[in-house]
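Below: one structure, written as structure tokens.
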Amino acid sequence: MKSFYISTAISYANAAPHIGHAYEAIGADVMARFKRLDGYDVYFVTGTDEHGQKVEKSAQLAGKKPQQFVDEVAALFEGMCRSMNVSYDQFIRTTAESHKKSCQAIWKKMEEKGDIYLNKYAGWYSTRDEAFYTEADLTTLPNGKKISTETKTEVEWMEEESYFFRLSAYTDKLLALYEQQPDFVQPGFRKNEVVSFVKQGLRDLSVSRTTFDWGVPVPGALKHIMYVWVDALTNYITALGYPDTNAEKFKKYWPCDVHLIGKDIIRFHAIYWPAFLMSAGIPVQKRVFGHGFLLTEGEKMSKSLGNVISPENLIVKYGVDQSRYALMREATFGQDGDISYTLMTTRINAELANNLGNLVQRTLSMIAKNCDAKVPTPGILEDVDKALLQKAGQAMLVAVRAEFEKMQFSKAIEEFISVSHAANLYIDEQAPWTLKKTDPARMATVLYVLAEVIRNLGLIIQPFTPVAAQKILDQVAVAANERDFGFIGEAHALKAGMPLPAPSGVFPRIIEDTANSSGSAAAKTA
RNA sequence: GGCGGGGUAGCUCAGUGGUAGAGCAGAGGAAUCAUAAUCCUUGUGUCGCCGGUUCAAAUCCGGCCCUCGCUACCA
């Protein structure tokens, strides 16, 4: 069985999860579910990045021990994933003992390779910004003092003993990697950015700190704490059992098929991480996909603007499946996307409720009333019937699969929504309510074809709306073990005469409370 | 400043040489099985601006304007 390993970035555990975390987790989940249904042995990892100075400080501010603090934050992230029905196989935390061992092991490998050396890290440091600046970022004032051009804060020259990673030695190897694996960084425009960055030439990377304690100690130099990115990136192999490269999971799933991350951390994943892996003698991952950010009405969400759309609010307003669908549908994955309650409500109503939900409802209720609540017995299929079945069968799977390969989830949705539209058109043209009086046998054929289309649609939507999909499949009496994509298409068509349960609505229309359109409209129950 | 994207119907976008397209929103109609859902019809838009190449340009070339991203050690 082909394997497929997908990871999200591990979320930095200094604050509670927000919609961006949910977006990434759902994107990875949709992909993971698709691959499982499409016959892959999938391993899906998400988790939290719990070390570093910021966590240490946030814990202090909260009056808590760092470990207690991250325990609580990690629980929030895990809870968010569960509430969004994210089917991860492992939730990894960087404070786990196994992870420290893994980090120290990869460090030693890089050291053995000769890529780690001790030196001084020196630069212009702003205490207020907690950041180093390069000469180019600074403005010299008339009095000779230097300030950050952007933040206007004063900087001072700092020197700190630090271990360095010989990143400069990997410039050519990385460029060769991007050349040999054209899809290594996606979307393509991100790859261009990465390549042009690397082409400038890479400087060695400071990979340890001595100014705080909350992290993984450098082996043999305990006052040094590993730079958080060495720590964080290594989670992807810790999760598979590293440093035991003979571990069953490691052998089965590494190299990772896709690291799904936000566009802001592409450099770490597309440059540092493969360099670390090459240094440590570990095969590099196959792909890095940087998704965009969610905006609302063209603006960043922020508490001060009061325009924050939270995962919890989405679930309350729309339900889990609909929220997942709206997020995956509204934005082109890879680019920034604009979401708002207005846009999402419109989308959910137009596509899930009116188009797909109503197709299921109108078909199944006709079958319940006119076909003895059983899968109708079809007569000879006409060309229109065959055409629709074909469109809803293998052809749909092939088209959707092609979009998943590119992680173009919104396009994948368009593919099956167009099938649903075709089915609605077919009903209107065939008018089974008229055939009921003129040609009941033909009516049975039409309703059979529709039920079969609904079966295929129920199968294909599972990655996006897993719960609703199960309800639909239950309503057309599809056995629990016949719900993977191998069952899409005519070879596994519904058997006439199977008794069907009473139909009930799956995707209710969202009724906006006009008095408070941005807040708490309720979904009418079906 | 350098490099790279974009600028097409009210909105989101597709369209890389040959009479401008889709979805949503709006308007009209049909139908009535269904979640006031469905289906059909309906788009005269200076295709950012100026100039050039061509029989022919949204599509190629040059210039300009606007906008977005990247331009290393917080993550």
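Because the structure is a prediction, the values reported are computed rather than measured. Residue numbers start from 1 in every chain, and the chains themselves are labelled A, B, ... in the order their sequence lines are given, proteins ahead of strands.
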Any salt bridge (charged side-chain N to carboxylate O under 4.0 Å, His left out) involving residues 425-450 of chain A? Give me the pairs, sequence neighbours left out, ordered by first then second residue.
R362(A)-D428(A), E382(A)-R442(A), D385(A)-R442(A)

Taking any heavy-atom pair under 4.0 Å as a contact, classify Q200(A): base, sugar-phosphate, or nothing.
sugar-phosphate

Those residues that, when tested against L118(A), pass side chain to side chain contact (heavy atoms under 4.5 Å, CB included) (two or more places apart)
E161(A), Y163(A), H224(A)

Of the residues in residues 203-212 of chain A, which ones touch RNA chain B at a heavy-atom distance under 4.0 Å?
R203(A), D204(A), L205(A), S206(A), R209(A)

Suppose we screen for side-chain hydrogen bond (donor to acceptor under 3.5 Å, both in side chains). Which residues come up paired with N14(A), at least two apart in sequence or across chains?
none

Of the options C73(B), U35(B), C40(B), whose atoms approach the side-chain atoms of Y227(A) most closely?
C73(B)

Can you sort out the partners of E78(A) under side chain to side chain contact (heavy atoms under 4.5 Å, CB included), two or more places apart, ordered by chain and number?
R82(A), Y88(A), F91(A)

With E159(A), which residues qualify under side chain to side chain contact (heavy atoms under 4.5 Å, CB included), at least two apart?
K120(A), A122(A), W157(A)

For U53(B), which nucleotide in any strand shown is its Watson-Crick or wobble partner with both distances under 3.5 Å?
none

Hey, could you give me each pair passing ring pair (Phe, Tyr, Trp, His ring centres under 6.0 Å) that has a residue in residues 405-431 of chain A? Not counting sequence neighbours.
F333(A)-F409(A), F404(A)-F409(A), F416(A)-F464(A)

Comparing A353(A) with D49(A), nearest RNA chain B nucleotide closer to 5' gives the residue A353(A)

Check side chain to side chain contact (heavy atoms under 4.5 Å, CB included) between V284(A) and all other residues, then give those that pass, not counting sequence neighbours.
L177(A), Q181(A), F184(A), P274(A), L277(A), M278(A)

What pairs with Y117(A) under ring-ring contact (aromatic ring centres under 6.0 Å, His included), at least two apart in sequence or on another chain?
F164(A)

Tell me if the centroids of the rings in W229(A) and F268(A) come within less than 6.0 Å of each other.
yes

Contacting residues from residues 189-199 of chain A, given that a heavy atom lies under 4.0 angstrom of RNA chain B:
R190(A), E193(A), F197(A)

Nucleotide forming a Watson-Crick or wobble pair with A9(B), both distances under 3.5 Å
none

Hey, could you give me each pair passing salt bridge (charged side-chain N to carboxylate O under 4.0 Å, His left out) that has a residue in residues 331-356 of chain A? Not counting sequence neighbours.
K263(A)-D336(A), R329(A)-E351(A), E330(A)-R347(A), R347(A)-E351(A)

For RNA chain B, what residues of residues 359-376 of chain A have any heavy atom nearer than 4.0 Å?
Q361(A), R362(A), S365(A), M366(A), K369(A)

